[in-house]
Peer 1: 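Before I ask anything, here is the structure I am working with.
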Amino acid sequence: MSQLGERLRKARERANLKQIQVYERTKINNKTLSRYEHGGSEPDIETLKTLAELYNVSLEWLLTGETNESNQKNQAESHSFAKRLRKHRESCNLSIEDLAEKVGLTPHTIEKFENGRSDTPGQKTLDKLSDALGVTRDYLLGYTDNPKGYGSGVYANDPTDLKEIFEKQGPLMYDGVPLSEEQKEKLALLMRQAYFIVKEENKKEAARRRKKIED
């Protein structure tokens, strides 16, 4: 059994769902789900998202088996962003289509942001959204309750944001092989997970160094 299959099975059982119940809610038939759980085949990214939502687990956990406080913080940030984005779009009397046109995104992308079905966007996209809605980026992210509080600020000499590359750039290749949209999304998720793992390791290492200096 593959590790992904094992996590899918565990998540389903923890959700107290039988395979027939999963079929009733997702239309994934029993044979297909059984193949996923036993490693006979792997679901695509949209199917994984559907199952993650049904089982109430993170997509990152299904893909990597890893979870940490940084992920939980990011999920809370994403939830706050989704609520505030919708609230201020509506208070500005803007439709999803209106806002999408103002910031150069598709209506589907805006809808995913507002429904919490997409990660929090990168800095440049956040600044476009905050400018269109007349609030600060920090407010949209939930760092302050003052719509004009704190700030934003993205500058021309900012380092390249990898998240923006995956979200906005067209075709990408790895080792000369073109990547599909699904492969790009999986790589972005794994990169995000790796970022949080390294960030936590760096914090622990910094704490060990401080302790050594103090001793």
Side-chain angles (χ1 to χ4, degrees), residues 1-87 89-90 96 106-122 140-143 145 163 166-167 179-201 203-204:
M1 183 182 295
S2 70
Q3 292 182 337
L4 173 60
E6 177 70 10
R7 287 192 288 272
L8 284 168
R9 182 187 62 79
K10 285 182 178 179
R12 176 176 59 78
E13 291 176 349
R14 288 172 183 168
N16 294 316
L17 291 171
K18 297 180 179 179
Q19 289 186 347
I20 185 63
Q21 292 174 303
V22 175
Y23 168 73
E24 291 170 351
R25 301 187 190 190
T26 66
K27 301 307 178 186
I28 300 171
N29 66 53
N30 293 10
K31 289 184 178 180
T32 300
L33 186 61
S34 183
R35 284 201 305 273
Y36 292 160
E37 293 184 357
H38 288 86
S41 63
E42 288 192 359
D44 60 29
I45 196 71
E46 290 303 320
T47 302
L48 277 174
K49 287 180 179 179
T50 298
L51 292 172
E53 183 175 354
L54 177 63
Y55 298 157
N56 194 29
V57 297
S58 71
L59 184 58
E60 290 88 345
W61 181 80
L62 283 181
L63 286 169
T64 68
E66 296 287 343
T67 183
N68 55 46
E69 291 180 0
S70 295
N71 282 343
Q72 294 170 2
K73 181 180 179 181
N74 192 74
Q75 290 169 3
E77 179 183 286
S78 180
H79 179 67
S80 176
F81 167 72
K83 288 179 62 178
R84 293 185 175 193
L85 179 65
R86 179 190 292 271
K87 173 184 175 182
R89 176 182 62 76
E90 293 176 346
I96 288 178
T106 66
H108 179 62
T109 299
I110 300 294
E111 186 177 357
K112 285 174 67 177
F113 287 155
E114 291 190 355
N115 291 334
R117 292 187 288 112
S118 178
D119 292 336
T120 305
L140 281 182
L141 292 175
Y143 298 157
D145 290 330
K163 189 172 184 179
F166 278 102
E167 286 178 353
L179 300 178
S180 67
E181 288 302 313
E182 182 179 337
Q183 289 170 327
K184 284 170 59 178
E185 190 161 359
K186 281 186 177 180
L187 278 174
L189 286 167
L190 290 171
M191 186 175 293
R192 176 171 164 238
Q193 183 65 26
Y195 165 76
F196 285 130
I197 292 172
V198 171
K199 187 176 179 181
E200 291 302 309
E201 289 176 349
K203 284 182 180 178
K204 291 177 182 177

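In what follows, every heavy atom counts, from backbone to side chain, and hydrogens, waters and symmetry copies are set aside. FYI, the numbering just counts along the sequence from 1.
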Peer 1: Could you go through E6 and K10, starting from their C-alpha distance and side-chain angles, then the distance that decides it, and tell me whether this counts as side-chain contact (heavy atoms from CB on, under 4.5 Å)?
Peer 2: CA-CA 6 Å; E6 177 70 10; K10 285 182 178 179; 3.0 Å; yes
Peer 1: Who passes side chain to side chain contact (heavy atoms under 4.5 Å, CB included) against K49, sequence neighbours left out?
Peer 2: I45, E46, L59, K112, E185
Peer 1: Partners of E13 by side chain to side chain contact (heavy atoms under 4.5 Å, CB included), sequence neighbours excluded?
Peer 2: R9
Peer 1: Mind checking what makes side chain to side chain contact (heavy atoms under 4.5 Å, CB included) contact with E90, not counting sequence neighbours?
Peer 2: R86
Peer 1: Please identify each residue that fulfils side chain to side chain donor-acceptor pair (under 3.5 Å) with S41, with sequence neighbours left out.
Peer 2: none
Peer 1: Which heavy atom of R7 sits nearest to which heavy atom of L63, and what is that distance?
Peer 2: NH2-O, 3.2 Å
Peer 1: Please list all pairs meeting salt bridge (charged side-chain N to carboxylate O under 4.0 Å, His left out) that have one or both residues in residues 18-34, counting only residues at least two apart or in different chains.
Peer 2: none
Peer 1: Show the nearest heavy-atom pair for residues A82 and F113, with the distance to one decimal.
Peer 2: CB-O, 3.1 Å
Peer 1: Evaluate the salt bridge (charged side-chain N to carboxylate O under 4.0 Å, His left out) criterion for residues R89 and E114: first the C-alpha distance (whole Å), next the side-chain angles of each, then the deciding distance (0.1 Å), finally the verdict.
Peer 2: CA-CA 10 Å; R89 176 182 62 76; E114 291 190 355; 2.5 Å; yes
Peer 1: Does a side-chain heavy-atom distance below 4.5 Å link N30 with L33?
Peer 2: no
Peer 1: Hey, does the side chain of T26 reach the backbone of V22 with a donor-acceptor pair shorter than 3.5 angstrom?
Peer 2: yes
Peer 1: Going by the rule side chain to side chain donor-acceptor pair (under 3.5 Å), which residues pair with T50 if we only count those two or more places apart in sequence or in a different chain?
Peer 2: none
Peer 1: Give a yes or no answer on whether the side chain of R12 reaches the backbone of Y55 with a donor-acceptor pair at less than 3.5 Å.
Peer 2: no
Peer 1: Apply side chain to side chain contact (heavy atoms under 4.5 Å, CB included) to T47 and list each qualifying residue two or more places apart in sequence or on a separate chain.
Peer 2: I28, Y36, P43, D44, L51
Peer 1: Is it the case that the side chain of Q183 and the backbone of S180 share a donor-acceptor pair, with hydrogens and angles ignored and the cut-off at 3.5 Å?
Peer 2: yes
Peer 1: Calculate, to the nearest 0.5 Å, the distance between atoms CG and CD belonging to L54 and Q21 respectively.
Peer 2: 9.5 Å
Peer 1: Taking it one step at a time, do E37 and Q19 satisfy side-chain contact (heavy atoms from CB on, under 4.5 Å)?
Peer 2: CA-CA 10 Å; E37 293 184 357; Q19 289 186 347; 3.4 Å; yes
